[in-house]
2 protein chains.
Amino acid sequence: MAKDSGSPVSGQPLGVDELSERLRSRGLRVTGPRLIVYNALAHQGGHRSADEVAVSITAAGPSLPRTSVYNALKALVDAGLIDVVDAGPGTTLYEVRGESHHHFICRQCNALIDVPSDSTVDGSLLSEVPGATVESAQVILRGLCPECTQRSKARAKSG
Amino acid sequence: MAKDSGSPVSGQPLGVDELSERLRSRGLRVTGPRLIVYNALAHQGGHRSADEVAVSITAAGPSLPRTSVYNALKALVDAGLIDVVDAGPGTTLYEVRGESHHHFICRQCNALIDVPSDSTVDGSLLSEVPGATVESAQVILRGLCPECTQRSKARAKSG
DNA sequence: ATCCAAATTTTGAATCTGTACAAATAATAG
DNA sequence: CTATTATTTGTACAGATTCAAAATTTGGAT
């Protein structure tokens with residue numbers, strides 16, 4: 001569903017030691033599948049589905065059972081090491097936790113583009129719901145990506 | 001996944017005539033299923049899954065095949081008459097297109113709450129992607145809804 | 001009013017994601 | 001090293017969405 005490549009907005013992935021510490025600090029054990037899945041996702045970069053992660057793992061050596069990939073992804077999310085990408089309904093996408101950012105989705109080619117978040121705007125969003133405790137704000141922008149915008153303009157001119 | 005009822009933020013649904021015109025203006029035919037699905041969604045209000053729409057249609061008379069509901073929903077989205085709700089991965093939810101607004105999702109009770117959008121903030125979001133044509137911006141706010149926030153406070157005090 | 005070509009609907013089955021469960025296994029405390 | 005308990009794994013399952021092919025309907029032309 002989502003066409004996607006590397007991410008222009010990201011922090012650097014964690015090493016095994018810090019990774020382990022973070023897992024333990026949340027009461028989670030450090031296991032093979034979790035390290036493998038995290039590294040696969042970090043190595044691929046960008047936004048990836050559980051299936052894409054599984055495939056890349058298999059490509060790199062012995063494969064992990066599908067269920068294990070799902071389990072590991074869930075554990076990593078719980079540990080705050082990776083995030084579920086807010087990019088609308090459909091297949092769940094994950095990304096290594098890095099700097100806060102938003103997402104742009106092209107309605108034509110489905111490209112998913114990271115957009116640096118403006119902390120000022122971000123701040124105003126967080127105070128928008130009276131009575132509620134707003135913990136995070138994700139923005140989904142939709143429209144035509146730069147490439148499709150170009151193509152669209154070209155088509156309008158010539159024919 | 002999403003617990004939900006009517007929407008506090010909405011425009012008034014379109015009549016058959018304007019509905020038809022809008023479909024035609026996008027090269028889409030005016031068909032029974034499309035009108036039925038639109039009206040069902042408009043009548044229910046709020047954020048609804050394809051299944052909820054199908055059920056409400058069946059309850060009101062002759063039922064539509066599930067596939068037809070999906071087809072009609074897609075056509076209506078293409079025509080810009082309804083919107084896909086950005087509320088994270090999972091079942092796709094739809095709503096009649098009305099005033100622009102955002103969504104708040106409670107991490108505890110999964111309540112999905114409409115949040116009026118601040119046009120100022122909205123404006124800044126729309127200009128955030130150089131080269132791209134940003135057509136819409138939806139915001140997903142996450143945290144504790146007012147009720148769960150209350151419960152949380154109460155628990156902190158007493159126990 | 002009628003006919004035609006193309007767009008849609010319909011039917012039924014297939015697919016794709018994600019989850020539930022129970023038994024086997026591995027990670028950590030002591 | 002051993003016990004305890006979290007995890008992993010393999011299998012089965014459920015729900016959402018899509019697909020292919022045949023039947024029908026729409027909108028424009030005759």
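Below, chains carry the letters A, B, ... as their sequence lines are ordered, and counting in each starts from 1.
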**Prompt:** A/K74 has an atom NZ; how far is it from atom P of C/dT17, in whole Å?
**Reply:** 18 Å
**Request:** For B/L64 and C/dT8, give me the distance from atom CG to atom P, rounded to whole Å.
**Result:** 16 Å
**Request:** Starting at atom CZ of A/R34, determine the distance to atom P of C/dA26, rounded to an integer number of angstrom.
**Result:** 15 Å
Can you give me the N/O atom pairs linking the protein to nucleotides 11-13 of chain C at distances under 3.5 Å, or say none if there are none?
from   : atom 1 : to    : atom 2 : distance (Å)
C/dG12 : O6     : B/T67 : OG1    : 3.0

**Item:** Nearest-nucleotide 5' precedence on DNA chain C, A/N71 against A/A50
**Value:** A/A50
Enumerate the protein-to-nucleotides 26-30 of chain D contacts in which both atoms are nitrogen or oxygen and the separation is below 3.5 Å.
from   : atom 1 : to    : atom 2 : distance (Å)
D/dT26 : O2     : B/R29 : NH1    : 2.7
D/dT26 : O2     : B/R29 : NH2    : 3.2
D/dG27 : OP1    : B/R24 : NE     : 3.4
D/dG27 : OP1    : B/V30 : N      : 3.1

**Shortest non-hydrogen separation from B/P13 to B/A42 and the atoms involved** = CB-CB, 3.6 Å
**Asked** Hey, are A/T133 and B/T149 close enough side-chain-wise for a donor-acceptor pair under 3.5 Å?
**Response** yes
**Request:** Take atom CD of A/E21 as the centre, draw a 6.0 Å sphere, and report whether it contains more than 12 heavy atoms from other residues, nucleotides or ligands.
**Result:** no
**Prompt:** In terms of side-chain heavy atoms, does A/D114 have a donor or acceptor partner in A/H102 at a distance below 3.5 Å?
**Reply:** no
**Prompt:** Is there a donor in the side chain of B/H101 and an acceptor in the side chain of B/E95, or the other way round, less than 3.5 Å apart?
**Reply:** yes
**Complete:** Closest to the 5' end of DNA chain D, once B/T92 and A/A75 are matched to their nearest nucleotides, is A/A75
**Prompt:** What is the distance, rounded to the nearest whole Å, between atom OH of A/Y94 and atom P of C/dT17?
**Reply:** 12 Å
**Same apolar cluster: A/V69 and A/L19, side chain cutoff 4.5 Å** = yes
**Request:** Check the distance between C/dA26's P and A/L23's CG and give it to me in whole angstrom.
**Result:** 19 Å
**Request:** Mark yes or no for whether A/S68, through its side chain, and A/L64, through its backbone, hold a donor-acceptor pair below 3.5 Å.
**Result:** no
**Request:** Grab the OH-C1' distance between A/Y70 and D/dC13 for me, whole Å please.
**Result:** 14 Å
**Complete:** dist A/I82:CD1 -> A/L93:CG (nearest 0.5 Å) comes out at 11.0 Å
**Fill in**
When rounded to whole Å, the CZ to P distance for the pair B/R26 and C/dA7 reads 18 Å
**Asked** Side chain of B/R142, backbone of B/I105: donor and acceptor closer than 3.5 Å?
**Response** no
**Request:** Can you tell me the distance, in whole Å, between the CZ atom of A/R48 and the C1' atom of C/dT17?
**Result:** 18 Å
